[in-house]
Amino acid sequence: MDQIINDREIEKKLSDKIEKEYNITIQKEGTRDCVVFSARNDGQLPAVRLVSRTAAMHKSPQTASAGRLPNMADIERVETNLLGVSSQTGTYCDDAAAGVLLSGALAYQNLLQVPLCLADSLTKKRNETVFGEALLKRLGFQYIYDRPLYVLNTGTICAEMLRRAARGETVSLDIPGMTLQVVAGDELLSLAHFVNARLCRQYGFFLIRNASYYEQVQAKLAETGGNLFQIMEHGVRKGYFACTGADVDDIREVVFDQAFDKACYFLTEKGTRPSVMARIVNLPGMLKNITGNGRITLAVRLRDPVIAENDGLFIWYINEEGSRMERVEDPVSEKEKDSSMRPEVTTTIGDFTAFIFAYMKLKQNAKFDSINLAGPAWLDNIY
């Protein structure tokens with residue numbers, strides 16, 4: 001109890017510091033997992049909402065057990081925040097006002113040593129303003145995930161089948177033993193285990209699901225006539241998908257046990273599009289989870305428009321246990337002219353984040369290829 005009280009006092013001091021520095025207001029919303037940043041003395045402007053989520057990041061390949069598929073024992077848990085917007089219908093937030101709120105939210109996270117902040121620039125919810133790609137990029141965000149654009153294969157599942165399943169019916173499919181049904185409330189925990197286990201096999205980074213998460217998802221999907229559906233084979237779950245509406249192309253997250261099963265029921269003829277953006281907030285907190293094949297030393301020049309601690313010339317030390325960056329205090333001094341101190345790459349914090357998640361390359365050489373990156377990422381948030 002004393003530790004909890006002490007943590008809250010520290011958090012309050014940090015909030016007071018950011019409120020004063022950025023002239024904004026910071027409040028808890030509902031639970032302690034949601035923090036809202038708003039303009040002081042102007043309740044008409046949209047507010048920035050940060051929702052705390054726990055992500056999975058694979059441990060170094062050297063520590064993963066051999067001879068079996070990866071599982072949840074092979075991951076590290078990393079705290080992240082999802083960036084959202086609270087606003088009233090028709091309100092508008094110009095880039096200057098939004099920039100102050102977002103910068104304050106990033107500074108707050110850095111003080112709390114939160115490694116990573118995520119933002120979905122393409123998701124627009126009802127009666128909400130969404131911060132645009134250009135603004136997010138100026139503040140150091142970059143894309144790290146391309147969202148698949150799924151369409152149901154109506155040859156195997158049609159709109160009428162979806163409607164029947166949504167009414168509570170177990171719908172038989174053409175393939176013997178296969179059925180379509182809505183995920184029941186008492187199945188949400190097993191669904192979370194199913195999804196986490198499958199994502200763990202293919203992705204280096206994803207947001208961890210639990211029963212509470214899917215309860216919120218079901219409630220949100222119900223507002224637009226959607227639901228969570230699962231495909232069963234003789235009572236065993238083979239895959240699941242989220243439908244945001246009543247049409248066959250209102251499909252969001254799709255997770256299956258086998259890739260050929262997914263291909264049987266879904267088309268991705270629309271391809272993918274960049275959707276989820278991210279940026280490293282607390283550099284030490286993030287880099288401690290990044291390892292390498294052997295000892296690697298790199299000189300990196302980072303440019304961060306918001307967090308001064310991330311802006312400068314760094315020596316990046318990487319080994320099998322983790323990594324860290326050591327700042328060169330005066331990046332424009334004679335030290336940088338020394339060949340050992342010249343940056344091997346100069347990049348923004350956004351592009352560096354995209355590199356860390358295997359979304360883009362910074363440089364093609366043996367050193368960079370020997371870094372065990374955190375990606376690829378699966379970040380297909382349903383709501």
Side-chain angles (χ1 to χ4, degrees), residues 18 22 24 26 29 33-39 45-55 57 78-87 91-110 112 114-147 205-208 213 216 220 252-253 272-283 285-286 304-307 310 348-360 374-383:
I18 299 299
Y22 289 88
I24 60 178
I26 303 175
E29 181 181 83
D33 293 334
C34 184
V35 184
V36 177
F37 300 76
S38 56
L45 289 175
V48 172
R49 182 193 299 117
L50 288 178
V51 179
S52 178
R53 289 294 307 276
T54 301
M57 185 180 296
V78 178
E79 294 306 312
T80 66
N81 281 321
L82 294 175
L83 183 67
V85 182
S86 302
S87 70
T91 57
Y92 172 73
C93 187
D94 62 34
D95 280 4
V100 171
L101 291 175
L102 289 168
S103 296
L106 291 171
Y108 173 82
Q109 294 173 83
N110 182 44
L112 289 178
V114 176
L116 187 73
C117 184
L118 305 169
D120 190 339
S121 68
L122 297 184
T123 298
K124 184 162 184 169
K125 302 178 177 66
R126 292 178 303 170
N127 300 334
E128 288 195 354
T129 303
V130 177
F131 295 136
E133 172 187 317
L135 174 61
L136 290 173
K137 282 190 173 182
R138 285 202 298 273
L139 294 174
F141 285 82
Q142 185 54 276
Y143 288 109
I144 66 167
Y145 177 73
D146 292 345
R147 175 171 293 135
F205 182 86
F206 59 91
L207 298 180
I208 297 175
Y213 168 77
Q216 296 175 59
K220 290 288 185 180
R252 284 296 297 268
E253 187 170 75
T272 63
R273 64 175 177 177
S275 57
V276 181
M277 305 180 81
R279 63 157 284 156
I280 294 172
V281 181
N282 186 267
L283 200 56
M286 187 68 194
D304 191 322
V306 179
I307 300 174
N310 299 341
T348 64
I349 193 68
D351 286 353
F352 184 71
T353 301
F355 163 73
I356 288 294
F357 287 98
Y359 189 82
M360 65 179 289
W378 175 275
L379 293 168
D380 200 357
N381 275 338
I382 303 167
Y383 69 93

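This one's a predicted model, so the numbers in the text were calculated from it and none came from an experiment.
The side-chain heavy atoms of Thr80 and Thr54, taken from C-beta on, include no pair separated by under 4.5 Å. Side-chain contact between Leu139 and Leu102 is present, with at least one heavy-atom pair separated by less than 4.5 Å. At least one side-chain heavy atom of Leu118 sits under 4.5 Å from a side-chain heavy atom of Leu116. Put simply, the side chain of Leu82 does not reach to within 4.5 Å of the side chain of Leu50, judged on heavy atoms. You'll find the side chain of Arg49 stays beyond 4.5 Å of the side chain of Val35, heavy atoms only. Asn282 has its side chain out of reach of Gln109: every pair of non-hydrogen atoms, C-beta onward, lies at least 4.5 Å apart. Residues Arg53 and Asn81 fail the side-chain proximity criterion, which asks for heavy atoms closer than 4.5 Å. Annotation: side chain of Ile144 is not in contact with side chain of Met277 (no heavy-atom distance under 4.5 Å).
The shortest non-hydrogen separation linking Cys34 to Val51 is SG-CG2, 4.2 Å. The two residues Leu101 and Ala47 make their nearest non-hydrogen contact at CD1-CA, 4.4 Å. Counting all heavy atoms, side chain and backbone alike, Arg147 lies closest to Val276 at NH2-CG2, 4.0 Å. When all heavy atoms of Gly140 and Pro305 are compared, the pair lying nearest together is N-CG, 4.1 Å. The nearest pair of heavy atoms linking Tyr22 to Ala107 is OH-CB, 3.6 Å.
Note that CD1 of Ile18 is 8.5 Å distant from CG of Leu112, once rounded to the nearest 0.5 Å. With rounding to the nearest 0.5 angstrom, the CD1 atom of Ile307 is 10.0 Å from the CD1 atom of Ile280. The line from CD1 of Ile356 to CE of Met57 is 8.5 Å long, rounded to the nearest 0.5 Å. Summarising the geometry, atom OG belonging to Ser38 is positioned 10.5 Å from atom CD belonging to Glu29; distances are rounded to the nearest 0.5 Å.
Side-chain N/O atoms of Thr348 and Gln142 include no donor and acceptor closer than 3.5 Å.
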Where do Val100 and Ile24 land on the side chain to side chain contact (heavy atoms under 4.5 Å, CB included) test, with the steps shown first?
CA-CA 8 Å; Val100 171; Ile24 60 178; 4.1 Å; yes

Phe141 vs Leu83, side chain to side chain contact (heavy atoms under 4.5 Å, CB included): CA-CA, chis, key distance, verdict:
CA-CA 11 Å; Phe141 285 82; Leu83 183 67; 4.1 Å; yes

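Aromatic ring centres of Tyr359 and Tyr145 lie farther apart than the 6.0 Å criterion allows.
Look at Asp146 and Arg273 and you find no salt bridge, because none of the NZ, NE, NH1 or NH2 atoms lies under 4.0 Å from a carboxylate O. Salt-bridge formation is detected for the pair Arg279/Asp304: a Lys NZ or Arg NE/NH1/NH2 atom is positioned less than 4.0 Å from an Asp or Glu carboxylate oxygen.
The residue from Phe205, Trp378, Tyr143 that alone fulfils the ring pair (Phe, Tyr, Trp, His ring centres under 6.0 Å) condition with Phe357 is Phe205.
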